[in-house]
Amino acid sequence: MPFTNERHSPEKLDEIAREIRRDIIRSLVVAKSGHSGGPLGSADIFAVLYMGGVMNYDPHDPAKPGRDRFILSAGHMCPVLYATLANAGFFPKSELLTLRKFGSRLQGHPGRDMHLPGIESSTGSLGQGLSIAVGMALSDKLVDRNDARVYALTGDGELQEGSIWEAVMSAAHYGLDNFCMIVDNNDCQIDGRVPDVMNIYPLQKKFESFNFHVIECDGNNTAELLAAFDEAKATKGKPSCIIARTYMGNGVSFMQDKYEWHGKPPSEDQAKVALEELG
Ligand SMILES: Cc1ncc(C[n+]2csc(CCOP(=O)(O)OP(=O)(O)O)c2C)c(N)n1
């Protein structure tokens with residue numbers, strides 16, 4: 001049975017995040033390629049967004065007018081989005097085992113052309129998803145005049161893309177208080193620690209100077225995430241940015257905080273250990 005979308009307790013959301021993590025491992029080990037670290041590290045954010053009563057959506061009517069939308073700007077992290085959507089009832093969980101297979105709707109980056117319910121945009125070219133999300137929020141506010149909200153998640157390495165800052169500037173300029181971006185701040189990227197590759201800090205000051213409402217929280221703590229999303233929703237007149245500090249690979253001891261796990265799947269033996277650790 002899919003998990004319902006309501007304001008569950010943090011303990012229940014922790015349990016849901018564990019199931020999302022198990023599904024990430026199960027799909028990656030069969031795919032034999034794909035990204036482990038970011039998806040595992042951000043599972044708590046997805047559990048709260050989709051099963052914590054934060055987003056307004058209907059898995060049985062995924063294109064319902066007036067729904068909230070989520071854009072995974074860091075498209076390579078899609079194993080966590082696929083696992084979340086399946087656990088929320090958008091499509092059968094058995095389909096997770098087709099990840100990256102020829103003909104599957106679950107490709108290595110989300111494709112709108114795959115017609116997978118719950119995927120609102122193709123993403124994967126870093127820096128671009130955020131602009132798409134800002135455009136959606138702008139049209140909801142100015143054209144459709146509804147109260148739908150748009151959420152977008154970026155990686156922290158992704159913030160090194162210049163187009164991110166054009167999107168941020170636009171969201172603030174248009175006062176998009178229906179827009180909330182989340183930075184998965186795990187300090188890791190494809191081939192190193194983020195500050196060693198290209199320093200992005202101080203993040204809070206940067207977003208504040210662009211006129212965002214900034215909320216910092218522990219992105220592996222579901223209670224803190226619930227409070228952060230509440231605060232973003234209550235913020236009027238400006239967009240919000242939740243800087244969610246996470247650990248890459250969170251929940252699996254040998255992957256935790258190791259950038260080497262950015263883009264590889266577990267072997268069968270490693271998956272067995274990971275699943276044991278995840279209960
Ligand atoms: C425009 C563009 N350049 C390069 C890449 C290749 N790439 C994929 S993920 C990644 C690193 C992203 O780091 P981060 O956003 O921190 O994600 P995490 O490592 O935490 O998953 C890079 C360089 C890409 N997908 N798009």
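Counting starts at 1 for both ligands and their atoms, following the listed order. If you're wondering where the values come from, they're calculated on a predicted model, not measured in any experiment.
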Would you check if there is a donor-acceptor pair between the side chains of [Y] and [X] at a distance under 3.5 Å?
| X | Y | value |
| --- | --- | --- |
| E158 | S73 | yes |
| H8 | E15 | no |
| N185 | Y201 | yes |

Checklist entry - If you group Ile, Leu, Val, Met, Phe, Trp and Tyr by side-chain heavy-atom gaps below 4.5 Å, do M77 and L159 land in one group? => result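 Shared cluster, no.
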Next on the checklist: Under 4.5 Å between side-chain heavy atoms, counting indirect links through other Ile/Leu/Val/Met/Phe/Trp/Tyr residues: same cluster for L130 and M136 or not?
Outcome noted: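 Same cluster: L130 reaches M136 through Ile, Leu, Val, Met, Phe, Trp or Tyr contacts under 4.5 Å.
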Quick check: does [X] get an N/O under 3.5 Å from an N/O on ligand 1?
| X | answer |
| --- | --- |
| G124 | yes |
| D184 | no |
| G157 | yes |
| C188 | yes |

Indicate, as side chain, backbone, both or neither, the part of [X] found under 4.0 angstrom from ligand 1 when only non-hydrogen atoms are considered.
| X | answer |
| --- | --- |
| N186 | side chain |
| E158 | both |
| E161 | side chain |

Checklist entry - Closer than 4.0 angstrom: is that true for some heavy atom of S125 and an atom of ligand 1? => result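 True for this residue.
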Next on the checklist: So is H109 touching ligand 1 or not, going by heavy atoms under 4.0 Å?
Outcome noted: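 It does not; every heavy atom stays at 4.0 Å or beyond.
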Item to check | Side-chain donor or acceptor of R21 paired with backbone N/O of L40 under 3.5 Å | outcome: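 The answer is yes, because a donor-acceptor pair under 3.5 Å joins these two groups.
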Checklist entry - Does R100 reach the main-chain N or O of V30 with its side chain, forming a donor-acceptor pair under 3.5 Å? => result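 Not a single qualifying donor-acceptor pair exists.
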Item to check | Chi angles and distances behind the salt bridge (charged side-chain N to carboxylate O under 4.0 Å, His left out) call for E95, K101 | outcome: CA-CA 11 Å; E95 201 168 342; K101 300 274 184 248; over 6 Å; no
Item to check | Heavy-atom nearest neighbour of atom 24 (C) of ligand 1 within options L126, D156, T123, T154 | outcome: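 Selected option, by shortest heavy-atom distance: L126.
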Item to check | Minimum non-hydrogen distance to atom 17 (O) of ligand 1, winning option of M248, R193, H76 | outcome: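 Ranked by closest heavy atom to atom 17 (O) of ligand 1, first place is H76.
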Checklist entry - Got the closest protein heavy atom to atom 19 (O) of ligand 1, with its distance? => result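 Looking at atom 19 (O) of ligand 1, the protein heavy atom closest to it is H262 ND1, 2.7 Å.
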Item to check | Protein contact to atom 13 (O) of ligand 1 [nearest heavy atom, distance to 0.1 Å] | outcome: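 Here the nearest protein heavy atom works out to Q189 CB, 3.3 Å.
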Checklist entry - Run the side chain to side chain contact (heavy atoms under 4.5 Å, CB included) check on V48 and V54 step by step: do they pass? => result CA-CA 7 Å; V48 172; V54 174; 4.0 Å; yes
